[in-house]
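Ligands are counted one by one from 1 in listed order, and the atoms in each one are counted from 1 as well. Just so you know, these numbers use all the heavy atoms, side chains as well, and skip hydrogens, waters and symmetry mates.
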Amino acid sequence: MTSSILPGQPQLAYRGEQLFSEDVSLAALAREHGTPLYVYSKASMLAALAAYQRGFAGRRVQICYAMKANSSLGVLQVFAQAGCGFDIVSGGELVRVLAAGAVPAQVIFSGVGKTRAEMKQALQAGIGCFNVESEAELDVLSEVAVALGLRAPVSLRVNPNVDPKTHPYISTGLKGNKFGIAHEEAVRAYRHAAGLPGLKVVGIDCHIGSQITEATPYLDAMDRVLDLVADIEAAGIAIHHIDFGGGLGINYNGDTPPAADALWSQLLAKLDARGYGQRQLMVEPGRSLVGNAGVCLTEVLYLKPGEQKNFCIVDAAMNDLPRPAMYQAYHQIVPVTPRHADDTLYDVVGPVCESGDWIGHDRTLAVQAGDLLAVLSAGAYCMSMASNYNSRGRAAEILVDGLQAHVIRQRETIEDQLRHETLVPR
Ligand SMILES: *Cc1c(COP(=O)(O)O)cnc(C)c1O
């Protein structure tokens, strides 16, 4: 008997009494590679990408995977081979994505604080577009490009000032945050860009936030951006591509975001109605391509009953999976091999010396020490945010493809961590 545990995620299912990712037993993976262990399903990533591809069928579009969601080489390679472009936010991400086989011309560079060195590196690599976030950045980018005898292709990230109705830390398109150029200042900024010798205006972009679960903020942002396209083009500056950013949410805990194809058929209808349907389009999805493709496997170390709370202490911690500590995020936690025993209410916590080190609060589980748990929806903003806090080595990562399980990252050792440190000579 097979039963899927996340709606729409057939790649993660119980077969009999065992949780599988595609055709691979998660218990077997944990035995072989240890825990904490990240496991990603290639089929699940490609299915998520296919929803975007269906949504944009017949359109001119470049889907740029926002790689900060999960920047492991083996994950990038899946998207590069599927023909994706990439949205990067640092020089380090540029090196990674080129190593994974990306086409430089399909790379776009976002972020509010690009350094001169990063600009130079990206210009020399021949990336497709810089998504610029301030007028000051325009001046610096032009200078760097002129010094290299090049012209930098630019898009301005405009701030449509719409509320994505998500967590404040991941909301980016409102007036009070650091991202983008205010709507009212955008035409002036475009004139400024068009007048600089080292720049070539190619597009416009926005990104209003993350884990968005409704279509309305996108529809509102699209209206605002198209208003600007009309104003900028009326000022004599051609906009070749329109980039609507990322942000589409996933189902963590009964969330019901629209499917990518359904969302985009709605958005494209608006685009058509306003006469922009045949433009070159771009999107920058991150979480929605990888989030539900990954699980983090962890072993129960100790059960610690208490007067007010019972604790289930596991070997994964906030350094491995930072989203709960960082955003109070919810991840479902399920047994890899369910027990037929009474449930108990637990806080599932890690070994790190912080009260903020928890993976899940108030979870009903039937577990014993030595059992394996799977933390679900752990493909995005988990491993890419992992750290060495408490001198813990970062987890290993596995990419499952049908019956095969490829190690895409070995577990980090203490020698790896100490490699760049030195004692002071005495
Ligand atoms: C983070 C980010 C994305 C991806 O966001 P998701 O919510 O993961 O889809 C896209 N564009 C920009 C500019 C970003 O900063």
Counting heavy atoms only, which part of D87 comes closer than 4.0 Å to ligand 1: side chain, backbone, both or neither?
side chain
Contacting atoms of ligand 1, where contact means under 4.0 angstrom from a heavy atom of R287
6 (P), 8 (O), 9 (O)
Close-contact set for ligand 1 against R157 heavy atoms, below 4.0 Å
13 (C)
Less than 4.5 Å apart, side chain to side chain, heavy atoms only: is that true for F179 and N159?
no
Side chains of M67 and F79: does their closest heavy-atom pair fall under 4.5 Å?
no
So the atoms of ligand 1 within less than 4.0 Å of a heavy atom of G247 turn out to be 5 (O), 6 (P), 7 (O), 9 (O)
How far is atom 13 (C) of ligand 1 from its nearest protein heavy atom, and which residue and atom is that?
E284 OE1, 3.4 Å
Do you see a donor-acceptor pair shorter than 3.5 Å between the side chains of S377 and N292?
yes
Just jot down the ligand 1 atoms closer than 4.0 angstrom to any heavy atom of S210, in number order.
6 (P), 7 (O), 8 (O)
Side chains of H192 and E135 only: does a donor on one sit below 3.5 Å from an acceptor on the other?
yes
Element-labelled atoms of ligand 1 that are located less than 4.0 Å from some non-hydrogen atom of G286
4 (C), 6 (P), 8 (O), 9 (O)
Cation-pi, F20 ring and R15 (6.0 angstrom, 45 degrees):
yes
Atoms of ligand 1 under 4.0 Å from any heavy atom of A66, numbered from 1 in the order shown, are 3 (C), 4 (C), 10 (C)
Report, in ascending order of atom number, the atoms of ligand 1 lying under 4.0 Å from any heavy atom of P285.
9 (O)
Verify whether the ring centers belonging to Y330 and Y252 lie closer than 6.0 Å.
no
Is the closest heavy-atom distance from A69 to ligand 1 below 4.0 Å?
no
If we number the atoms of ligand 1 from 1 as shown, the ones under 4.0 Å from a heavy atom of K68 are 1 (C), 2 (C), 3 (C), 4 (C), 14 (C), 15 (O)
Would you kindly specify which portion of H207 sits under 4.0 Å from ligand 1, judged on non-hydrogen atoms: side chain, backbone, both or neither?
side chain
Could you please spell out the steps behind the salt bridge (charged side-chain N to carboxylate O under 4.0 Å, His left out) verdict for K309 and D362?
CA-CA 9 Å; K309 290 240 173 203; D362 297 326; 3.2 Å; yes
Looking at atom 8 (O) of ligand 1, what's its closest protein heavy atom, distance included?
Y381 OH, 2.6 Å
Member of L297, I359, I333, V334 meeting the side-chain contact (heavy atoms from CB on, under 4.5 Å) criterion with L373:
I333
Does either side chain, that of N131 or that of E284, offer a donor lying less than 3.5 Å from an acceptor on the other one?
yes
